[in-house]
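Below you'll find the structure, written out as structure tokens, and then a few comments.
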Amino acid sequence: MKDPFRLDGMVALITGSSRGIGRAIAESMARQGARVVISSRKADACEEAAAAIRAEGGEALVIPCNVSRKAEVENLVAQTLKQWGRIDALVANAAVNPAFGPMSALSDDAFDKIMTANVKSTMWLCNLAIPGMAERGSGAVIIISSIAGIRGAAMIGGYGLSKAADFALARNYAVEWGAEECPGELHRAGIGPHRVCPGPVGEPRYPSRP
């Protein structure tokens with residue numbers, strides 16, 4: 001019986017994948033046979049993560065990207081398509097939180113940074129990646145949200161606000177690209193984004209594996 005969790009031949013683009021949750025996702029997908037794109041702002045951190053995947057026999061492509069910059073997001077998708085010709089899975093994981101404290105102290109600048117990196121960039125990525133998935137009739141979008149988007153938090157209200165917006169993004173893309181009643185053939189492709197809501201995690205160590 002074929003392993004239903006195998007991802008052989010698929011291309012997975014994971015933002016914020018040089019460390020933490022994003023890196024763990026990239027490593028797991030690579031072990032299941034996917035070709036993974038490692039992306040974050042710092043090229044050296046991306047190369048380190050990719051090297052660890054390659055050392056285990058996986059395939060990893062490094063494309064640095066600051067998701068707050070639309071041109072870099074466009075380049076990320078374009079270079080992925082140039083190198084591997086498709087995107088089967090998009091994992092929108094990159095996010096920032098430059099402000100800690102009550103909402104009353106959240107500056108306009110910090111709010112704009114949070115919403116651009118955490119919400120607008122996900123919309124950019126989805127708008128660039130989903131049409132190709134729909135054309136092929138298959139694909140997956142996973143938006144890494146947070147429990148901060150579900151319940152209030154005294155110190156990270158702005159971040160929580162952006163993560164609550166992820167829910168609306170996922171619901172609307174599911175309606176636009178997954179619902180049978182939507183007009184247009186591409187809008188019946190069954191591409192329904194999913195969201196994952198992790199809680200606080202510690203920065204993992206990456207010991208060498210045998």
Side-chain angles (χ1 to χ4, degrees), residues 2-17 21-22 25-26 28-30 32-40 58-95 115-146 149 162-198:
K2 183 179 178 180
D3 184 346
F5 296 103
R6 293 298 301 176
L7 302 173
D8 299 289
M10 296 186 180
V11 174
L13 169 56
I14 307 112
T15 63
S17 48
I21 292 173
I25 291 171
S28 296
M29 296 183 85
Q32 293 301 320
R35 294 172 287 173
V36 299
V37 178
I38 303 296
S39 183
S40 71
E59 292 187 68
L61 174 66
V62 169
I63 307 176
C65 174
N66 182 335
V67 296
S68 295
R69 299 169 181 166
K70 189 174 185 179
E72 292 191 25
V73 172
E74 292 172 337
N75 180 69
L76 171 61
V77 173
Q79 290 301 314
T80 299
L81 296 175
K82 180 180 179 180
Q83 292 293 324
W84 282 336
R86 60 193 292 152
I87 297 172
D88 298 288
L90 167 65
V91 182
N93 171 69
M115 298 305 288
T116 297
N118 300 4
V119 182
K120 192 183 290 186
S121 72
T122 301
M123 185 175 67
W124 291 336
L125 286 162
C126 288
N127 288 343
L128 290 166
I130 291 177
M133 297 177 185
E135 187 175 352
R136 292 191 305 275
S138 66
V141 175
I142 302 168
I143 300 172
I144 306 301
S145 185
S146 169
S162 73
K163 290 302 169 179
D166 286 340
F167 303 161
L169 278 176
R171 284 192 294 264
N172 281 290
Y173 279 115
V175 169
E176 291 181 15
W177 293 100
E180 288 293 328
E181 66 270 17
C182 285
E185 290 301 315
L186 290 181
H187 289 217
R188 299 179 183 178
I191 309 298
H194 308 276
R195 59 190 187 276
V196 179
C197 299

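Only this structure's heavy atoms are used, side chains among them; waters, hydrogens and symmetry mates stay out.
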Quiz item: Would you say Ser121's side chain and Ser68's backbone share a donor-acceptor pair under 3.5 angstrom?
Solution: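 No; judged by distance alone, with no hydrogens or angles, the pair does not exist.
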Quiz item: Donor-acceptor pair, Glu72 side chain versus Val67 backbone, under 3.5 Å?
Solution: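 No, Glu72 side chain to Val67 backbone: no donor-acceptor pair under 3.5 Å.
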Which heavy atom of [X] sits nearest a heavy atom of [Y], and at what distance?
X: Phe167; Y: Ser146; answer: CZ-O, 4.2 Å
X: Asn66; Y: Val73; answer: O-CG2, 4.4 Å
X: Cys126; Y: Val141; answer: SG-CG1, 3.9 Å
X: Trp84; Y: Ala60; answer: CH2-C, 4.1 Å
X: Ser162; Y: Val119; answer: O-CG2, 3.5 Å
X: Lys163; Y: Asn118; answer: CE-ND2, 4.5 Å

To the nearest 0.5 angstrom, please state how far the [atom1] atom of [X] sits from the [atom2] atom of [Y].
X: Arg171; Y: Leu169; atom1: CZ; atom2: CG; value: 9.5 Å
X: Ile130; Y: Leu125; atom1: CD1; atom2: CG; value: 10.0 Å
X: Met123; Y: Asn172; atom1: CE; atom2: CG; value: 11.0 Å
X: Ser39; Y: Gln79; atom1: OG; atom2: CD; value: 11.5 Å
X: Ser138; Y: Met10; atom1: OG; atom2: CE; value: 7.0 Å
X: Leu128; Y: Leu76; atom1: CG; atom2: CG; value: 9.0 Å

Quiz item: Does Arg86 have any side-chain hydrogen bond (donor to acceptor under 3.5 Å, both in side chains) partners at least two apart in sequence or in another chain, and if so, which?
Solution: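 Applying side-chain hydrogen bond (donor to acceptor under 3.5 Å, both in side chains) to Arg86 gives Asp88.
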Self-check item: Residues that Met29 engages under side chain to side chain contact (heavy atoms under 4.5 Å, CB included), provided they are two or more places apart
Solution: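 Side chain to side chain contact (heavy atoms under 4.5 Å, CB included) check on Met29 returns Leu7, Ala12, Ile14, Ile25, Ala34, Val36, Ala89, Val91.
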Practice problem: Go through the structure and list residues passing side chain to side chain contact (heavy atoms under 4.5 Å, CB included) with Ala164, not counting sequence neighbours. | Solution: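 In terms of side chain to side chain contact (heavy atoms under 4.5 Å, CB included), with neighbours along the sequence ignored, Ala164 is linked to no residue.
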Quiz item: Under the side-chain contact (heavy atoms from CB on, under 4.5 Å) criterion, do Gln83 and Ile63 qualify, and how do the steps go?
Solution: CA-CA 11 Å; Gln83 292 293 324; Ile63 307 176; 5.6 Å; no
Quiz prompt | Matching residue for Asn93 among Thr122, Ile142, Ile144, Ile143 - test: side chain to side chain contact (heavy atoms under 4.5 Å, CB included) | solution =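 For Asn93, the side chain to side chain contact (heavy atoms under 4.5 Å, CB included) test succeeds with only one of Thr122, Ile142, Ile144, Ile143, which is Ile144.
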